[in-house]
Structure formats: C-alpha cells, structure tokens
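Contents: one structure, followed by commentary.
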Amino acid sequence: NQGNSNAQNNIDQLYRSGKVKESPEEATQREIQIAIRNLQNKWSNLQIINCEIGDEEIKKICPYIHDKLTKLDLSRNKISDEGNKYLCEAIKLNTSIITSLDLSKNKIGDKGM
C-alpha cells in the first residue's frame with residue numbers, strides 16, 4: 001500500500017533528523033526493519049552504516065537477501081566472524097550477484113574471512 005509506505009518513510013525521516021528521540025537499541029531495530037522492508041521490495045542497493053548492528057541483526061536480515069541485490073554496505077557496525085558466516089551463506093544460497101560489498105570497520109577477524 002503506497003499510503004502506508006509514504007507514512008513509514010515520513011516516520012523514518014523524523015527519527016533520522018533527530019526530531020524524535022530514541023534509544024540506540026530502538027534505532028538499531030528501526031534500521032533493521034527498514035532494511036528488511038527494502039529487501040522485500042527487491043532493492044538492489046542496501047546500506048546499513050554505523051548502526052551498531054551485530055550478528056543477531058544479520059541473522060534477521062539474511063533470509064531477505066535476494067538475487068537482485070548488487071550493492072551491500074554494512075560498514076562501521078559490530079558484525080563478527082559469526083555474522084559474516086551467516087551473510088556469506090545467504091549470499092551463496094540466493095545466488096546474489098553482489099558487485100560491491102563493504103564490511104569495513106566491523107569485528108571480523110581472520111577466522112571470518
């Protein structure tokens with residue numbers, strides 16, 4: 001429904017502008033909901049930058065990764081080796097052709113590479 005989508009976008013803009021205050025946990029959960037909604041709409045570009053998402057949030061996003069996704073930026077978060085493993089499996093299972101992937105400034109070590 002286009003009306004619901006516009007209303008949600010307006011709410012998202014209020015939060016991002018700082019006019020509506022929320023806890024860091026609420027902000028992270030809101031960003032995850034936005035990401036899932038965008039993936040459900042088959043967006044080809046997804047950016048979740050500096051939102052403190054970790055492995056549990058990656059688990060929530062992975063089922064929605066689709067074959068139209070070409071750019072994924074998850075930089076400056078709290079993703080570890082475990083989260084990276086989930087992400088790689090989701091990309092392989094969904095035959096995503098990702099041409100740009102940014103996982104910089106996360107907690108991924110040699111084990112997660």
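In this chain, residues are counted from 1 in sequence order.
- Counting only heavy atoms from C-beta outward, the side chains of I79 and D55 approach each other to under 4.5 Å.
- Taken to the nearest 0.5 Å, the CG atom of N106 stands 8.5 Å off from the CG atom of D102.
- Looking only at distances, no side-chain donor or acceptor of N77 sits under 3.5 Å from a matching main-chain atom of G54.
- Note that the CG atom of N45 and the OG atom of S100 stand 8.0 Å from one another [nearest 0.5 Å].
- For the atom pair CD of E57 and OH of Y86, the computed distance is 12.5 Å after rounding to the nearest 0.5 Å.
- Put simply, the side chain of L87 reaches to within 4.5 Å of the side chain of L74, judged on heavy atoms.
- Using a 4.5 Å heavy-atom threshold, the side chains of W43 and N41 count as touching.
- Atoms CD and CD1, from Q47 and I34 in turn, are 12.5 Å apart once rounded to the nearest 0.5 Å.
- Using a 4.0 Å cut-off between charged side-chain N and carboxylate O, E82 and K85 make no salt bridge.
- For CD1 of I97, the number of neighbouring non-hydrogen atoms (other residues, nucleotides, ligands) closer than 6.0 Å is 12 at most.
- Side-chain N or O atoms of D81 include one that pairs as donor or acceptor with a backbone N or O of G109 at under 3.5 Å.
- Between the CD1 atom of I98 and the SG atom of C88 there is a distance of 9.0 Å, given to the nearest 0.5 Å.
- Looking at heavy atoms from C-beta onward, K78 lies out of side-chain contact with I53 at the 4.5 angstrom threshold.
- At most 12 heavy atoms of other shown residues, nucleotides or ligands fall within 6.0 angstrom of atom NZ in K105.
- Within the 4.5 Å cutoff, side-chain heavy atoms of I61 are placed close to those of I48.
- Evaluation of the side chain to side chain donor-acceptor pair (under 3.5 Å) test over residues 60-74, restricted to residues two or more places apart or in two chains, returns Q29-K60, D73-S75.
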Task: L46/L39 under side chain to side chain contact (heavy atoms under 4.5 Å, CB included): CA gap, chis, key distance, verdict - done: CA-CA 8 Å; L46 181 65; L39 286 169; 3.8 Å; yes
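- With hydrogens and angles disregarded, a donor-acceptor distance shorter than 3.5 Å links the side chain of N94 to the backbone of A90.
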